[in-house]
Amino acid sequence: MSEKITDETIDYVSILAKLKLNDAERSQAKEDMQRMLDYIDKLNELDTKDVEPMSHIFPIDNVFREDVVVNGDDRESMLANAPEKKEGQFKVPKTVE
Amino acid sequence: MDLMQLTAVRLSEKIKSGEVTVKEAAEASLQAIRNKEKEIHAFISIDEEGVLRQAEEVQKKIEKGEQAAGPLAGVPVAIKDNICTLGIKTTCASRILHNFVPTYDAHVVKRLKDAGAIIIGKTNMDEFAMGSTTETSAFGVTRNPANQEHVPGGSSGGSCAAVAAGEVPCSLGSDTGGSIRQPSAFCGVTGLKPTYGTVSRYGLIAYGSSLDQIGPIARDVTDCAALLQVIASHDRKDSTSVRLEDYNFMSALKDDVAGLKVGIPEDYFGEGLDQDVKERIFEAAEILKSKGARVEFFNLGMVEYAIPAYYVIASAEASSNLERFDGVKYGYRSEEYEGLHDMYKKSRTEGFGPEVKRRIMLGSFVLSSGYYDAYYLKALKTKALIKHSFETAFKKYDILLAPASPSTAPRLGASLSDPLKMYLSDIYTVSVNLAGLPGISVPCGKDSKGLPVGLQMIADCYQEKTLLKTAYTYEQNRGKK
């Protein structure tokens with residue numbers, strides 16, 4: 001049985017997930033997460049002591065190339081979908097006084 | 001003649017021979033969409049203007065003899081709305097991307113355009129490909145053309161419904177845990193998930209990067225092979241893209257399974273499987289047997305661990321992939337906020353739907369310090385064991401036969417109330433993604449309610465040609481047992 005999901009857990013995870021849940025969503029999230037984790041606990045039936053974790057199915061090698069510029073200045077297309085922009089840059093709320 | 005009843009390859013032949021113009025084909029598709037969309041709602045965006053412009057260009061090229069060899073020249077293709085299309089809105093069926101217009105084409109879209117295919121529009125899906133019913137879309141549900149009271153499956157439900165309804169001959173979907181094969185089964189079309197790495201993911205809006213793969217959806221196996229042949233290629237913009245020696249998938253279309261070793265995992269046929277589905281799969285096995293395949297049952301193992309491992313890994317990757325949606329660079333930004341962090345949080349909270357938030361929360365939790373080893377690492381180790389069980393199976397068998405889903409399409413609204421139950425409906429598809437294997441779902445009859453049943457065939461990595469050959473043989477013989 002996985003440990004109980006508390007209000008503190010939900011608060012902490014909301015910070016990590018950058019989500020601001022209201023009271024109803026919080027209690028739903030608590031319930032959903034607890035249920036999922038109880039279910040995921042099934043994995044504890046498996047002895048995986050000597051098993052190497054597999055993050056990728058094939059061996060992945062770094063792809064190296066010479067550091068040569070191949071693309072142009074894509075500033076315009078990068079900014080094309082920005083909710084707000086100013087002087088060719090993304091505009092965000094002030095973060096320092 | 002209703003051009004939209006033709007397969008893509010047949011339609012292209014007629015276009016290349018001059019019997020049909022590209023514009024006629026495109027207009028037939030647009031007309032079918034106008035007639036059916038009100039009921040089916042397979043699309044989020046239709047690019048009418050772009051379609052006619054593309055059609056003119058392609059027609060000229062065909063007349064000049066360029067692109068005349070391509071098996072899809074002039075054919076209208078629908079694209080799942082999580083695949084970027086230059087100048088056409090790409091929303092992932094989410095409010096957070098409701099106004100996003102890509103400034104580039106995904107690699108697969110570029111390949112299709114280069115081959116002379118016409119991009120007709122963008123299909124509905126579960127929000128960010130998270131769901132099994134296309135009911136979590138922020139733009140409303142898609143209905144199953146086989147029976148409109150039922151879901152089309154998910155998350156490529158729009159792409160499958162568009163083909164099944166005769167709106168387009170073929171489409172592209174994406175498959176993270178079964179999202180091509182399961183809706184193909186529910187809608188009665190053919191859908192293929194290629195080996196991980198065969199098709200570039202450049203321009204596919206990521207959900208679970210180690211599992212996602214783009215693949216073809218069509219009316220028959222030949223069209224699937226043709227579409228795969230067009231979209232599969234090595235792409236340096238995707239570091240997980242592999243370089244194959246042979247991309248000629250259409251050469252595999254042979255009616256021949258003599259001597260083929262087919263394994264049926266016993267553990268896929270236990271509790272929870274509809275009797276009708278079970279019978280249809282066994283009938284399909286008999287057909288392959290009658291064509292000279294050696295069919296036997298075996299024990300695959302690890303089946304009940306695939307879904308918990310999948311949800312840990314997919315949610316973890318989703319939580320990290322969806323970090324980029326913060327209201328700064330693109331997409332929705334909340335109207336009112338106090339400071340930067342509040343803007344991030346409000347934009348995300350208002351922009352994402354409940355299923356997406358659920359998975360982001362779970363993913364953030366399993367990756368958080370103190371829980372990483374117990375959940376995420378444990379899931380990666382389970383994945384290694386699942387991969388191993390398939391490796392053992394493929395030492396003995398060329399192809400595995402399985403249902404694509406434990407049941408046929410559920411009624412609209414029946415699944416969402418219990419997420420865990422919905423997740424369990426992916427039991428026969430998710431392990432294929434965890435192991436990176438290719439899998440196809442081919443229609444194999446109907447259940448007692450008249451809803452389509454899908455036969456899933458699974459092959460070892462890079463064995464698409466064996467997969468296509470077996471599926472083709474079954475398709476050629478299913479009507480004449």
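Numbers restart at 1 for each chain; the letters A, B, ... are given by sequence-line order, proteins then strands. Worth knowing before you read on, the calculation uses all heavy atoms, side chains too, and leaves out hydrogens, waters and symmetry mates.
With a 4.5 angstrom heavy-atom cutoff, A:Thr9 touches chain B only via side-chain atoms. A:Ser55 touches chain B through backbone and side chain together, each having a heavy atom under 4.5 Å away. The contact between B:Glu304 and chain A is made by backbone and side chain atoms together, counting heavy-atom distances below 4.5 Å. Proximity to chain B is limited to the backbone of A:Lys91, based on heavy atoms less than 4.5 angstrom apart. Looking at B:Leu97, neither its backbone nor its side chain comes within 4.5 Å of chain A, counting heavy atoms on both sides. Contacts of B:Tyr376 with chain A are absent, with no heavy-atom separation under 4.5 Å from either backbone or side chain.
The backbone N or O of B:Thr176 sits less than 3.5 Å from a side-chain atom of B:Asn433, completing a donor-acceptor pair.
Within the 4.5 Å cutoff, the side chain of B:Thr90 has heavy atoms near those of the B:Lys122 side chain. Taking the side chain as every heavy atom from C-beta outward, B:Asn321 and B:Phe128 never approach each other to under 4.5 Å. Side-chain contact between B:Lys110 and B:Leu86 is absent, with no heavy-atom pair separated by less than 4.5 Å. Residues B:Tyr310 and B:Leu434 are in side-chain contact: their nearest non-hydrogen atoms beyond the backbone lie under 4.5 Å apart. Inter-residue side-chain proximity for B:Tyr305 and B:Ser431 is flagged as unmet; no heavy-atom pair is nearer than 4.5 Å. Side-chain contact between B:Pro194 and B:Pro438 is absent, with no heavy-atom pair separated by less than 4.5 Å. Using a 4.5 Å cut-off on side-chain heavy atoms (C-beta onward), B:Leu367 and B:Tyr372 make contact.
Of the residues considered (B:Leu322, B:Val101, B:Leu377), B:Val101 shows the highest number of contacts with chain A, using heavy-atom pairs under 4.5 Å. Taking B:Ile360, B:Leu211, B:Val242, B:Ile313 one by one and counting their heavy-atom pairs under 4.5 Å with chain A, the maximum is reached by B:Ile360. The choice from A:Lys94, A:Glu45, A:Met78 that makes the most heavy-atom pairs within less than 4.5 Å of chain B is A:Glu45. By number of non-hydrogen pairs under 4.5 angstrom with chain B, the leading residue of A:Leu46, A:Ile5, A:Leu16 is A:Leu46. When B:Ser315, B:Gly339, B:Ser320, B:Ser210 are compared by the number of non-hydrogen pairs under 4.5 Å with chain A, B:Gly339 comes out ahead.
Salt-bridge formation is not detected for the pair A:Glu31/A:Arg35: no Lys NZ or Arg NE/NH1/NH2 atom is positioned less than 4.0 Å from an Asp or Glu carboxylate oxygen. In summary, A:Lys18 and B:Asp326 do not engage in a salt bridge, as defined by a charged side-chain N under 4.0 Å from a carboxylate O. Between A:Lys30 and A:Asp7 there is a salt bridge, since at least one side-chain N of the basic residue sits less than 4.0 Å from a carboxylate O of the acidic one. Between B:Lys193 and B:Asp175 there is no salt bridge, since no side-chain N of the basic residue sits under 4.0 Å from a carboxylate O of the acidic one. Salt-bridge formation is detected for the pair B:Lys357/A:Glu25: a Lys NZ or Arg NE/NH1/NH2 atom is positioned less than 4.0 Å from an Asp or Glu carboxylate oxygen.
For residues 195-203 of chain B, heavy-atom neighbours of chain A at less than 4.5 Å comprise B:Thr195, B:Tyr196, sorted by residue number. Of residues 340-352 of chain B, those residues lying under 4.5 Å from chain A by any heavy-atom pair are B:Leu340, B:Asp342, B:Met343, B:Tyr344, B:Lys345, B:Lys346, B:Arg348, B:Thr349, B:Phe352.
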query = Given B:Phe100 and B:Tyr330, is the ring-ring contact (aromatic ring centres under 6.0 Å, His included) satisfied, shown in steps?
reply = CA-CA 7 Å; B:Phe100 176 65; B:Tyr330 34 67; 5.5 Å; yes
request  = Report the C-alpha separation of B:His388 and B:Met302 in whole Å, then their side-chain angles, then the decisive distance to 0.1 Å, and conclude whether the side chain to side chain contact (heavy atoms under 4.5 Å, CB included) test is met.
outcome  = CA-CA 10 Å; B:His388 180 73; B:Met302 292 299 295; over 6 Å; no
